[in-house]
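Beneath this line is the structure, given in structure tokens, with notes to follow.
This structure is a prediction, so every number in the text was calculated from the model and none was measured. The residues of the chain are indexed from 1 along the displayed sequence. We count ligands from 1, going down the list as the structure has it; atoms in each ligand are counted the same way.
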Amino acid sequence: MADCLFCSIIAGSTPAHIVLDTPEVVGFLDVRPVFKGHTLLVPREHIPTLVELPDELSVPLFGAARSVAAAVRTAYSAQGSFVAVNNVVSQSVPHLHVHVVPRTKGDGLRGFFWPRTKYADDAEAAQYATTLRDTLSS
Ligand code: AMP
């Protein structure tokens, strides 16, 4: 898509350090990594957010995320990883991308970027669960 930064990286018009290149998915290093090796995985097709991702691209995209999550352990001796997708809110590039951030205990990343809240009580949690269950099954 014209004017999309990640489409431009996929097309090769904007330089990036490509780490994975398949018919459905491209992976490249994030230019401002949380930790070195932080990788972004994008569908080749311009898909804005996770909500628009078709079934046939879900396995290629998240399979690639799984492969990179495994590879960073070997490549960088990371103990694990943080895998995340911003959708609309906090999403600075409107082309779906999965972040894979290499993690190691004591690396200094705390709270996974966001503050936590609490349910007022178990009844409120149950109500949230019911509402979402009903929406998912409707
Ligand atoms: P998000 O904030 O979830 O939309 O993530 C977008 C990510 O794209 C950020 O982590 C940026 O550092 C990264 N980014 C922006 N421009 C580039 C670029 N030209 N090459 C690689 N990564 C980029």
Side-chain angles (χ1 to χ4, degrees):
M1 196 180 92
D3 296 334
C4 170
L5 173 62
F6 290 169
C7 284
S8 156
I9 288 176
I10 292 163
S13 321
T14 296
H17 292 282
I18 306 291
V19 300
L20 187 105
D21 192 343
T22 77
E24 295 97 358
V25 175
V26 174
F28 51 90
L29 295 185
D30 192 302
V31 77
R32 289 183 60 235
V34 175
F35 296 114
K36 292 173 186 175
H38 176 170
T39 295
L40 301 175
L41 296 157
V42 299
R44 278 186 183 280
E45 189 181 326
H46 182 86
I47 292 166
T49 77
L50 183 62
V51 170
E52 290 84 30
L53 184 68
D55 285 351
E56 64 272 20
L57 290 180
S58 295
V59 169
L61 182 62
F62 286 97
R66 180 177 58 195
S67 297
V68 171
V72 296
R73 297 197 297 196
T74 306
Y76 310 128
S77 301
Q79 289 175 337
S81 55
F82 177 56
V83 176
V85 178
N86 286 315
N87 292 290
V88 181
V89 177
S90 294
Q91 182 181 5
S92 59
V93 181
H95 182 136
L96 172 62
H97 46 284
V98 181
H99 296 256
V100 181
V101 180
R103 294 292 319 272
T104 293
K105 278 183 188 162
D107 60 19
L109 190 62
R110 290 183 194 281
F112 295 116
F113 313 137
W114 58 78
R116 303 300 179 106
T117 187
K118 283 182 179 170
Y119 294 102
D121 50 30
D122 200 51
E124 188 190 30
Q127 185 55 55
Y128 269 77
T130 300
T131 305
L132 191 53
R133 255 195 327 268
D134 290 349
T135 304
L136 285 167
S137 60
S138 65

For ligand 1, run through the N/O pairs with the protein that fall under 3.5 Å and put one pair on each line.
residue	atom	partner	partner atom	Å
ligand 1	2 (O)	Ser90	O	3.2
ligand 1	2 (O)	Ser92	OG	3.1
ligand 1	3 (O)	Asn86	ND2	2.8
ligand 1	3 (O)	His97	NE2	3.1
ligand 1	3 (O)	His99	NE2	2.8
ligand 1	4 (O)	Ser92	N	2.7
ligand 1	4 (O)	Ser92	OG	3.1
ligand 1	4 (O)	Val93	N	3.4
ligand 1	4 (O)	His97	NE2	2.8
ligand 1	5 (O)	His97	NE2	3.0
ligand 1	5 (O)	His99	NE2	3.3
ligand 1	10 (O)	Asp30	OD1	3.3
ligand 1	10 (O)	Asp30	OD2	2.4
ligand 1	12 (O)	Asp30	OD1	2.5
ligand 1	12 (O)	Asp30	OD2	3.4
ligand 1	22 (N)	Val31	N	3.1

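Across every non-hydrogen atom of Leu50 and Asn87, the tightest pair is N-OD1, 2.9 Å.
Every residue two or more places apart in sequence or in another chain that forms a side-chain contact (heavy atoms from CB on, under 4.5 Å) with Pro33 is listed here: His38. For Pro15, there are no side-chain contact (heavy atoms from CB on, under 4.5 Å) partners two or more places apart in sequence or in a different chain.
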Side-chain donor-acceptor contacts of residues 54-73 below 3.5 Å, not counting sequence neighbours, with atom names and distances?
residue	atom	partner	partner atom	Å
Ser58	OG	Pro54	O	3.3
Ser67	OG	Gly63	O	3.1

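Atom CG of Asp121 has more than 12 neighbouring heavy atoms from other residues, nucleotides or ligands inside a 6.0 Å radius.
Side-chain contact, Gln127 with Thr130: no donor N or O sits under 3.5 Å from an acceptor N or O.
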